[in-house]
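The block underneath contains the structure these notes are about, expressed in structure tokens.
Source: prediction; values computed, not measured. Sequence lines set the chain letters: A, B, ... in the order given, protein chains first and strands last, and positions in each chain run from 1.
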2 protein chains.
Amino acid sequence: MANKKKTTIKDIANVLNISAAAVSKALHDDSRISEKTKKAVKQVAKNLNYQPNHLASALRKGKSNLVGVIVPRTNSNFFSSVIQNIEEELNKEGYNIIITQSNESYKKECNNIDTLLFTQVDGIIASMANETVNLEYYEKIKSKGIPLILFDRGENDLNVDYIGINDYDSSHMIVDHLVQQNRKRIAHIGGYKHTRIFNNRIRGYVDALKKHNLPQDNDLLIESSLTTEDGRAKMIQLLKLKDKPDAIYVAGDYAALGALQVLNEQNIKVPEEIALVGFGNEPFTAMVTPTISSVNQHSAEIGRLAATTFLEHAKKEVITQSLNKKILNADLIVRDSSKKN
Amino acid sequence: MANKKKTTIKDIANVLNISAAAVSKALHDDSRISEKTKKAVKQVAKNLNYQPNHLASALRKGKSNLVGVIVPRTNSNFFSSVIQNIEEELNKEGYNIIITQSNESYKKECNNIDTLLFTQVDGIIASMANETVNLEYYEKIKSKGIPLILFDRGENDLNVDYIGINDYDSSHMIVDHLVQQNRKRIAHIGGYKHTRIFNNRIRGYVDALKKHNLPQDNDLLIESSLTTEDGRAKMIQLLKLKDKPDAIYVAGDYAALGALQVLNEQNIKVPEEIALVGFGNEPFTAMVTPTISSVNQHSAEIGRLAATTFLEHAKKEVITQSLNKKILNADLIVRDSSKKN
DNA sequence: GTTTTTTGCTTAAACGTTTAAGCAAAAATT
DNA sequence: AATTTTTGCTTAAACGTTTAAGCAAAAAAC
């Protein structure tokens with residue numbers, strides 16, 4: 001019963017005594033094939049349980065209909081939601097996606113790029129690892145002539161598309177909100193400056209302070225890897241200051257969680273004594289006590305836009321990689337950790 | 001400057017005035033090619049920036065070196081960790097993985113199977129959606145003659161490999177622990193019985209109660225979809241009982257979170273009045289207040305085993321799909337929600 | 001110095017499609 | 001009725017590899 005040999009286009013051709021080419025055309029509804037033949041071919045295909053060999057057609061057409069996706073990790077709600085929407089959008093057009101994770105490692109990321117190129121993907125949609133400082137390795141993708149679309153982490157000066165939120169404005173939103181809550185000493189636990197989006201958040205923070213005539217204190221601006229662990233460390237560092245902050249804006253939710261843990265442990269009242277705002281709107285921000293205010297990055301929209309941007313390139317014959325930045329506005333979700341009491 | 005045309009094996013052959021076959025063999029270190037030629041070929045390959053065309057070799061060899069992975073979702077720590085370990089293990093042997101999500105939908109899952117088969121994967125590693133009641137559609141995979149390995153959700157009577165934890169024993173562990181904390185009325189918010197692993201947890205719960213001579217009360221055993229929302233609903237239902245439970249064992253962490261939220265909202269002291277134990281050891285169980293006791297499912301080990309099980313099949317010439325269940329013991333992580341006070 | 005073995009390649013076919021080019025028969029146009 | 005156009009196919013080549021088979025030259029064995 002073991003139907004080992006897969007049925008090919010030739011098998012169908014043999015049954016009907018026509019050429020393989022005719023079968024191929026019939027299956028693709030070529031106008032030069034009679035309706036009668038098309039029906040017959042499709043019937044036989046069904047009977048023999050024919051499944052097209054994707055490798056063969058991809059080889060012949062020079063196009064795999066696969067799109068590679070590189071993310072730092074999938075176990076974050078943001079990335080998993082982006083991925084889901086990319087997939088949905090691309091599936092509609094007959095593309096499938098290959099997801100790879102860099103685990104925040106530059107080396108792994110380079111590996112992933114090689115893997116995807118090796119698999120002959122038709123395009124790559126990526127968000128960079130924390131470690132990734134420059135986009136040199138990504139040049140490899142461009143030099144292959146396949147579309148590259150970056151999102152979230154990965155704003156760039158390369159001639160490459162980018163989808164993200166307005167980080168600079170988001171910082172303003174947060175500082176505005178905290179000032180409204182009568183906060184005077186607002187600290188910022190930011191990401192590494194070398195990553196553009198984190199640098200934008202820092203710039204936004206600094207400019208917003210100026211706007212409100214709040215003095216900028218170097219002790220209150222700290223760079224961090226934004227892990228929960230590092231959030232703890234940087235919070236402890238801030239609490240050692242003589243002149244403590246009365247609000248903390250953390251550029252990532254995981255680090256904000258770490259900060260909150262320290263505050264809770266030291267019985268510092270949040271938000272009464274110190275208000276806290278995170279970034280990313282990870283689901284756990286609504287789970288912890290107190291719930292953490294955070295910024296919603298519109299993951300679904302980012303995913304959809306990344307996909308459609310790829311499709312625009314794919315549909316063009318000529319590959320014209322043009323700088324095409326799409327910047328969305330984010331929403332501040334105010335929760336207990338920064339709410340007026 | 002646009003190096004549009006990719007360099008092929010033939011280009012290398014032309015440069016060196018040897019045949020394409022010789023180049024192919026040289027690149028694969030065939031013993032019948034001289035060291036001198038090999039060196040030359042590799043040098044030229046490097047110079048021309050040669051990248052093998054995976055599609056062509058896959059087509060010729062009848063083997064794509066791709067393995068498909070199907071998970072209900074990636075934004076859970078369990079699945080993302082399993083995936084990461086599958087990938088690591090398979091990469092070592094030259095395989096790459098394609099990750100797809102079912103979003104807990106049976107229809108999407110069937111779609112994913114088709115997609116993966118279409119992409120000519122060499123095997124599929126999957127955990128089933130909540131909705132998936134039977135493995136009928138998975139027969140398609142078996143009938144193609146490619147290895148299928150199920151993990152976590154997907155224990156089965158099919159002749160298919162399975163990797164998972166001992167759910168029955170885990171329930172015993174949890175009940176034993178709660179009894180040790182002097183709990184007498186232990187409720188269970190379980191998953192749907194039609195899924196084997198949840199049924200096993202239910203059986204373990206029932207048998208453990210018997211073991212400790214605790215009466216089994218039908219009001220205390222509830223089936224649930226195990227979402228946070230449904231966890232809330234089922235908790236509210238339990239609190240309406242005249243004779244309330246003094247401990248709740250929830251078969252999933254997200255539902256346990258919902259239950260905890262309700263308990264907190266109603267100012268019911270956890271664990272003093274009602275103790276709570278979840279399942280899955282999702283990171284947030286250690287983030288919420290109080291922290292939730294849970295069961296660690298050894299995601300890394302499950303991932304590794306799933307990968308090596310696939311590799312065992314792949315290495316064999318003949319596909320002998322034999323029932324090969326690997327059952328791991330899980331660990332109970334006791335946290336505040338069930339700790340003796 | 002002849003025979004056998006080994007080395008180092010080449011040739012050609014194959015994997016399953018797609019597609020350009022071509023051609024006979026049928027249909028439409030004159 | 002002769003010519004042109006359209007229809008419905010076929011043939012053959014191509015995509016970039018891998019691999020079985022083969023063969024001449026070099027090396028080893030006698």
Side-chain angles (χ1 to χ4, degrees), chain A residues 4-42 44-45 48-66 94 117-122 144-145 317, chain B residues 4-42 44-45 48-66 94 117-122 144-145 317:
Chain A
K4 281 291 88 112
K5 275 281 118 264
K6 288 158 192 165
T7 60
T8 74
I9 234 167
K10 277 185 189 165
D11 299 326
I12 301 176
N14 285 339
V15 170
L16 295 170
N17 251 318
I18 57 177
S19 72
V23 174
S24 172
K25 285 177 183 166
L27 290 171
H28 290 93
D29 277 324
D30 189 295
S31 64
R32 301 288 288 273
I33 300 293
S34 71
E35 283 306 321
K36 201 175 119 196
T37 308
K38 282 182 193 171
K39 271 226 177 81
V41 165
K42 284 172 186 171
V44 174
L48 298 183
N49 189 27
Y50 168 74
Q51 296 270 133
N53 185 323
H54 174 248
L55 296 173
S57 77
L59 174 59
R60 176 59 232 248
K61 297 202 287 193
K63 167 164 196 300
S64 66
N65 269 53
L66 290 172
L117 292 178
F118 172 71
T119 318
Q120 315 287 127
V121 293
D122 291 341
K144 288 272 166 204
E317 286 306 295
Chain B
K4 282 288 88 108
K5 275 280 118 266
K6 286 159 192 166
T7 59
T8 73
I9 234 168
K10 277 184 188 167
D11 299 326
I12 302 177
N14 285 339
V15 170
L16 295 170
N17 251 318
I18 57 177
S19 71
V23 174
S24 172
K25 285 177 183 167
L27 290 171
H28 290 93
D29 278 323
D30 189 295
S31 63
R32 300 288 289 272
I33 300 292
S34 72
E35 283 306 320
K36 202 175 117 197
T37 307
K38 282 182 193 171
K39 271 227 178 80
V41 165
K42 284 171 186 172
V44 174
L48 298 183
N49 190 26
Y50 169 73
Q51 296 271 133
N53 185 322
H54 173 248
L55 296 172
S57 78
L59 174 61
R60 176 60 232 247
K61 297 202 286 194
K63 168 166 196 296
S64 67
N65 270 53
L66 290 172
L117 292 177
F118 172 71
T119 319
Q120 316 287 127
V121 293
D122 291 341
K144 288 271 166 206
E317 287 307 295

### Task
Check for a donor-acceptor pair, side chain of Asn65(B) on one end and backbone N or O of Gly94(B) on the other, with a separation under 3.5 Å.
yes
### Message
Under 4.0 Å, counting only non-hydrogen atoms across every strand here, what does Leu55(A) touch: a base, just sugar-phosphate, or nothing?
### Response
nothing
### Message
Under a 3.5 Å distance rule, please check whether Asn14(B) uses its side chain to pair with a backbone N or O of Asp11(B) as donor and acceptor.
### Response
no
### Query
For Lys10(B), does the NZ atom have more than 12 heavy-atom neighbours from other residues, nucleotides or ligands under 6.0 Å away?
no
### Pairwise side-chain contact, Lys42(A) with Asp29(A), heavy-atom cut-off 4.5 Å (strictly under)
yes
## Note on the structure
Outermost contacting nts on DNA chain C, any atom under 4.0 Å from chain B heavy atoms, listed 5' then 3', are dT7(C) to dG16(C)
### Summary
By nearest-nucleotide position on DNA chain C, the 5'-leaning member of Ala22(B) and Ala21(A) is Ala22(B)
### Message
Under 4.0 Å, heavy atoms only, any strand: does His54(A) hit a base, just the sugar-phosphate, or nothing?
### Response
nothing
### Message
Do Val41(A) and Leu27(A) make a side-chain contact, defined as non-hydrogen atoms from C-beta onward lying under 4.5 Å apart?
### Response
yes
### Task
Answer with base, sugar-phosphate or nothing: what part of the nucleic acid does Ser57(A) contact at a heavy-atom distance below 4.0 Å?
sugar-phosphate
### Task
Decide side chain to side chain contact (heavy atoms under 4.5 Å, CB included) for Val15(B) and Leu48(B); before the verdict, give the C-alpha distance in whole Å, the side-chain angles of both, and the deciding distance to 0.1 Å.
CA-CA 10 Å; Val15(B) 170; Leu48(B) 298 183; 4.2 Å; yes
## Note on the structure
Whichever of His28(A) and Lys38(B) has the more 5' nearest nucleotide on DNA chain C, that residue is Lys38(B)
### Task
Taking only heavy atoms on the protein side, list every residue of residues 59-66 of chain B lying under 4.0 Å from any atom of DNA chain D, sorted numerically.
Arg60(B), Lys61(B)
### Query
Would you say Lys144(A)'s side chain and Gln120(A)'s backbone share a donor-acceptor pair under 3.5 angstrom?
no
### Task
Name the pairing partner of dG22(C), where a pair is Watson-Crick or G-U wobble with both distances under 3.5 Å, or state none.
dC9(D)
### Query
With a non-hydrogen cut-off below 4.0 angstrom, is Ser19(A) in contact with a base, only sugar-phosphate, or nothing?
base
### Query
If only atom types and distance count, is the side chain of Thr119(B) paired as donor or acceptor with the main-chain N or O of Val121(B) below 3.5 Å?
no
